[in-house]
**Q** 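Please find one structure pasted underneath; my questions will follow.
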Amino acid sequence: MTSDTFPSVRLRRLRKTPALRDLVREHTVTMNDLIYPIFVEEDVEEARPIKTMPGISRIPEKHLAQEIKAIYADGVKAVMMFGVSHHKNDTGSDSWQTDGLLARMLKTAKNAAPELVIIADSCFCDYTDHGHCGIVRDGHVHNDLTLENLAKQAVVAARGGADIVAPSAMMDGQIAAMRQALDEAGFTDTPIMAYSSKFASGFYGPFREALEVDLKGDRKAYQMDSFNGREALRESLQDEAEGADFLMVKPGLAYLDVLARLREQTLLPLAVYQVSGEYAMIKFAAQAGAIEEKRIVRETLGAFKRAGADVILSYFARAIAREGF
Ligand code: PBG
């Protein structure tokens, strides 16, 4: 006689030893799954530590080649690159100049470590003096004018050596506009990683310091309301229909429901971004002795996998490559 309940069922049987637990573990996280975001600053001599992100510094452009080699040697396999521009204006035009920071840093990184996957964050907030993710007209970010610039920037990024472009501006139609421009320029094989379900989030706080973004107002007219789950699915599925090769949920931990629901609705690879504020919360809590950093990192990345992520962007990626967890 078998019964499907206690005492014949004892779930603890498979938890008895470390080897047994390893055997039945449902998910793993390896360096194959991680993308390390980096910040590259032009016209400076020294690396500048970011106070609200302990352990993370802006990399001076002139040290970029050597830093990229070191990051690759540590075992990181993919980086997401952000520029810290000293040539900001109202359109962010430096980002689509062939000799601008974005083009230069991608080229330098690709040459320094050809095997490293180089991903270009495709947006304007790092390059505009008002800090918005596009062209401002009458107090609003103008969707369709911004699309034209995103298309130009995508081609410059691909020419510079980006293996993937990753639009994060949250303009409607941005995937289609970039896909068309890339295809017309001959970059039919350059994938688009869409920041498809991106929320207007307080968790981006430290990132603004990292990039010296002096944002006037907020991004609520283009990034999503944090209370909306169904709309997040619509956003991602639109991007898929426009030709995205990856979808993304951002931030991570507070949006696991979106990730899990999206997993049920798409066959595309799914990325999740453990953003600057999530990093900062773990770092500062660990520094205060409240939690163990490595355990929490492991647990949060495991949660992303469980919820359905294939790829995780995390500022912990380099430390994990060096020290494991
Ligand atoms: C730019 C962009 C942001 C982040 C990634 N790309 C900031 C924002 O939208 O305000 C945030 C990343 C992080 O906080 O780690 N559009």
Side-chain angles (χ1 to χ4, degrees), residues 34-40 50-58 79-85 88 92 95 101-102 105 119-128 130-136 141 143 146-147 149-150 153-154 157 162 164-171 174-175 178 192-226 232 235 239 246 248-255 271-284 297 300-301 304 311-318:
L34 298 179
I35 299 170
Y36 183 50
I38 60 173
F39 307 113
V40 181
I50 300 159
K51 281 198 306 293
T52 52
M53 299 178 73
I56 306 289
S57 296
R58 297 187 202 147
V79 291
M80 174 73 81
M81 299 190 68
F82 296 96
V84 183
S85 173
K88 300 187 185 197
S95 69
L101 173 60
L102 182 113
M105 71 183 186
I119 310 173
D121 180 80
S122 304
C123 196
F124 298 101
C125 54
D126 323 351
Y127 300 91
T128 53
H130 45 68
H132 278 292
C133 302
I135 301 261
V136 178
V141 175
N143 193 84
T146 302
L147 291 185
N149 293 344
L150 272 169
Q153 195 199 90
I164 300 175
V165 293
S168 64
M170 286 298 282
M171 297 300 121
Q174 64 186 9
I175 307 304
M178 290 171 70
I192 299 177
M193 178 182 284
Y195 286 73
S196 51
S197 298
K198 178 172 176 181
F199 290 87
S201 172
F203 285 104
Y204 309 148
F207 180 92
R208 307 261 164 93
E209 182 212 327
L211 262 67
E212 270 174 4
V213 173
D214 182 18
L215 178 64
K216 305 191 173 54
D218 59 48
R219 304 199 199 290
K220 290 181 181 166
Y222 42 107
Q223 298 181 350
M224 289 190 359
D225 186 329
S226 65
E235 274 284 359
D239 284 5
F246 295 81
M248 189 195 298
V249 174
K250 177 183 174 205
L253 208 54
Y255 299 89
V272 64
Y273 200 141
Q274 183 177 49
V275 300
S276 57
E278 296 177 75
Y279 176 84
M281 290 199 307
I282 294 173
K283 276 285 178 189
F284 288 118
V297 171
T300 54
L301 301 197
F304 298 141
V311 180
I312 302 166
L313 292 107
S314 174
Y315 299 97
F316 291 108
R318 190 176 185 182

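Whatever order the structure lists them in is the order used to number ligands and atoms, beginning at 1.
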**Q** Could you tell me whether a side-chain N or O of Q174 sits under 3.5 Å from a main-chain N or O of M171, the two making a donor and an acceptor?
**A**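 Yes, Q174 side chain to M171 backbone: donor-acceptor pair under 3.5 Å.
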**Q** Suppose we screen for salt bridge (Lys or Arg N to Asp or Glu O under 4.0 Å). Which residues come up paired with R219, at least two apart in sequence or across chains?
**A**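 With neighbours one apart ignored, the set is empty.
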**Q** Applying a heavy-atom distance cut-off of 4.0 Å, which protein residues contact ligand 1?
**A**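 If the criterion is a heavy atom under 4.0 Å, then ligand 1 touches F82, D121, C123, C125, C133, S168, K198, Y204, F207, R208, R219, Q223, K250, Y273, V275, S276, Y315.
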**Q** Is a side-chain N or O of E278 found less than 3.5 angstrom from the main chain of L253, in a donor-acceptor match?
**A**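 Such a contact is found between E278 side chain and L253 backbone.
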**Q** Under a 4.0 Å threshold between the charged nitrogen and the carboxylate oxygen, would E212 count as salt-bridged to R58?
**A**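 Result for this pair is yes, salt bridge flagged.
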**Q** Short question: side chain of S196, backbone of M248 - any donor-acceptor pair under 3.5 Å?
**A**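 Judged by distance alone, yes, a pair lies under 3.5 Å.
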**Q** Less than 3.5 Å apart, any donor N or O on the side chain of D239 or Y195 sitting next to an acceptor on the other?
**A**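 Absent: no donor and acceptor within the cut-off.
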